[in-house]
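Numbered from 1 within each chain, the chains take letters A, B, ... in sequence-line order.
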Protein chains: 2
Amino acid sequence: MSSAAKKLNEEEICLLGTSCAEVSFNAEDIIVKQNALSTNIAYIKEGLVKIHINGPIRERIMKIVKAPAYICLPSNFGDKINHFSATALEPTTVCFIDLNLFKKFIYDNGDFAYQIILDMSRGELQNFKNCLNNAQKQNIGRIADAILFFATEIYNSNTFNLPVTRQELADLTGITRESASRILTDFHEDKIVEIKGRQIVILNEGLLRQISEKG
Amino acid sequence: MSSAAKKLNEEEICLLGTSCAEVSFNAEDIIVKQNALSTNIAYIKEGLVKIHINGPIRERIMKIVKAPAYICLPSNFGDKINHFSATALEPTTVCFIDLNLFKKFIYDNGDFAYQIILDMSRGELQNFKNCLNNAQKQNIGRIADAILFFATEIYNSNTFNLPVTRQELADLTGITRESASRILTDFHEDKIVEIKGRQIVILNEGLLRQISEKG
DNA sequence: ATATCGGTGTGCGTTAAATCACATTTAGTT
DNA sequence: AACTAAATGTGATTTAACGCACACCGATAT
């Protein structure tokens with residue numbers, strides 16, 4: 001997603017090398033935790049991450065982010081507290097960049113700043129789309145959406161392993177685990193998606209898209 | 001909201017003056033229209049605006065934006081098409097800034113770029129909060145939320161005139177007009193909020209907050 | 001092999017909210 | 001002042017989805 005890193009010059013990359021801590025995470029490891037103090041930007045170098053918030057009632061997954069991408073911007077620039085958690089869904093490599101260095105890049109390097117703004121713009125549109133889907137589609141449409149999202153945005157294939165549990169799929173789509181489960185079996189029985197545990201094969205993409213559109 | 005404009009130097013403000021078109025809008029006037037081509041950034045200089053999207057089923061208000069603020073960033077930076085509409089809710093003054101000029105400011109003026117990124121960060125957090133509220137609260141909590149939002153974020157007073165119709169209030173909270181209407185009368189009967197048409201007086205803020213929290 | 005535990009599937013009653021239908025108020029026009 | 005159109009209120013009905021219950025399955029530990 002983010003190509004901002006490419007915009008850094010040699011000198012800046014050198015600076016990065018010295019003041020950036022690269023850390024590896026396994027699936028389900030917490031990368032950043034909501035409400036914790038933070039003075040870092042996290043650059044997702046490799047892997048897949050969920051951004052989630054502890055809501056008033058239950059957990060809510062705001063989005064799934066694929067490397068490469070910067071996260072924690074909204075946290076750090078508002079106050080110094082993380083307003084959400086980030087958890088690895090697959091083995092993930094993260095570079096923690098000092099906030100001041102990041103700020104320096106923005107000030108000194110217009111290309112970099114512009115790319116960051118581009119990324120954030122795309123992110124906002126994505127958020128709008130998510131909100132819309134969640135607000136106006138019924139459960140079956142949301143699950144169809146989520147499956148298509150993983151197929152097209154994350155894995156570029158109609159065959160893939162779900163990187164999330166049923167509960168997480170529910171948290172992502174804003175429905176209950178039970179409803180998510182029921183809809184998956186429906187899809188399976190109707191031969192729209194072959195489902196075996198976390199293994200997914202989209203059999204009838206056309207129909208799945210129709211379900212997603214119609215809500 | 002946005003203080004980015006303050007970060008422009010004299011030369012830049014001069015440039016702005018020559019290549020920026022200032023336009024006045026009345027309530028309900030469309031400022032930018034979804035799906036239209038666009039090569040401008042809109043700077044809301046004065047007034048109140050709703051950002052809304054034509055969803056699969058019905059209209060959806062993504063957010064209410066108070067001057068001063070930049071909008072259309074997500075539109076312009078993705079492709080050249082507006083991904084949402086913006087409509088004035090009150091008399092509003094807008095400066096349309098050429099995209100290239102805006103880009104130049106970002107490249108040349110680190111302060112400006114940083115401020116824009118700050119604004120967008122705050123915006124993203126706000127979006128997250130909205131999504132969360134809409135996803136996990138029941139109707140009564142969402143309406144309580146909306147009333148508190150206008151009181152605290154927009155008017156800084158417990159007495160104000162709703163800048164939106166009942167239908168818009170419903171579109172903002174993601175519920176139906178009928179449900180919104182019913183809840184408002186409930187609030188009125190329970191002496192939580194005095195409601196007379198669009199005139200709002202919050203009588204029992206504590207209880208309203210409790211309703212908002214509990215969902 | 002047995003026990004334990006987290007994740008999962010599924011039936012059923014309950015409920016919040018949408019939908020439909022219509023009455024009523026308000027605002028803007030002739 | 002009368003008339004239209006739009007916005008709003010309110011009751012009755014229907015429905016999607018939740019919440020609860022429990023059964024099941026496949027790991028890992030004992």
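In this structure, A:R166 places its CZ atom 18 Å from P of C:dG6, rounding to the nearest Å. Atom-to-atom, CD of B:Q136 to P of D:dA17 comes out at 17 Å; the value is rounded to the nearest Å. As a whole-Å value, the separation of B:R198 CZ from C:dT26 P is 14 Å. Summarising the geometry, the separation between CD1 on A:I140 and P on D:dA16 is reported as 11 Å, rounded to the nearest angstrom. Straight-line distance from the CG atom of A:L169 to the P atom of C:dT8: 10 Å, rounded to whole Å. Rounding to whole angstrom units, CD1 of residue B:I143 and P of C:dA16 are separated by 17 Å. Between the C1' atom of C:dA17 and the CD1 atom of A:I175 lies a distance of 17 Å, rounded to the nearest Å. C:dT24 atom C1' lies 17 Å from atom CG of B:L184, rounded to whole Å.
Salt bridge annotation for A:R209-A:E205: present, with a cationic side-chain nitrogen under 4.0 angstrom from a carboxylate oxygen.
Across the interface with DNA chain D, nearest-nucleotide mapping of B:E28 and B:E178 shows B:E28 to be the residue nearer the 5′ end.
Looking at A:H52, A:K33, A:E168 one by one, the single match for side chain to side chain donor-acceptor pair (under 3.5 Å) with A:T87 turns out to be A:H52.
Among the atoms of the strands shown, none is found under 4.0 Å from any heavy atom of B:R142.
Under the 30°/60° scheme for interplanar angles, the aromatic rings of A:F102 and A:F112 are found to stand perpendicular.
In this model, the phosphate group of C:dA17 is not approached by any side-chain N or O of B:T176 to a distance below 4.0 Å at OP1 or OP2. Dashed line: the shortest gap from a side-chain N or O of A:R177 to OP1 or OP2 of C:dG7 is not under 4.0 Å. Between A:S179 and D:dA17 there is no side-chain N or O to OP1 or OP2 distance below 4.0 Å. Distances shown here put every side-chain N or O of A:Q167 at or beyond 4.0 Å from the OP1 or OP2 atom of C:dT8.
For B:R182, counting side-chain heavy atoms from C-beta on, the closest listed nucleotide (C:dT10, D:dA12, D:dT8) is D:dA12. Distances were taken from every side-chain heavy atom of A:T165 (C-beta onward) to each of C:dT19, C:dG7, D:dG9; the shortest belongs to C:dG7. Between C:dT10, C:dA21, C:dA16, one nucleotide has an atom nearer to the side chain of B:Q138 than all others, and that is C:dA16. Residue B:N139 places its side chain closer to C:dA17 than to any other of C:dT8, C:dA17, C:dT10.
Put simply, the side chain of A:L172 reaches to within 4.5 Å of the side chain of A:F150, judged on heavy atoms. In this structure the side chain of B:I117 reaches within 4.5 angstrom of the side chain of A:I117, judged on heavy atoms.
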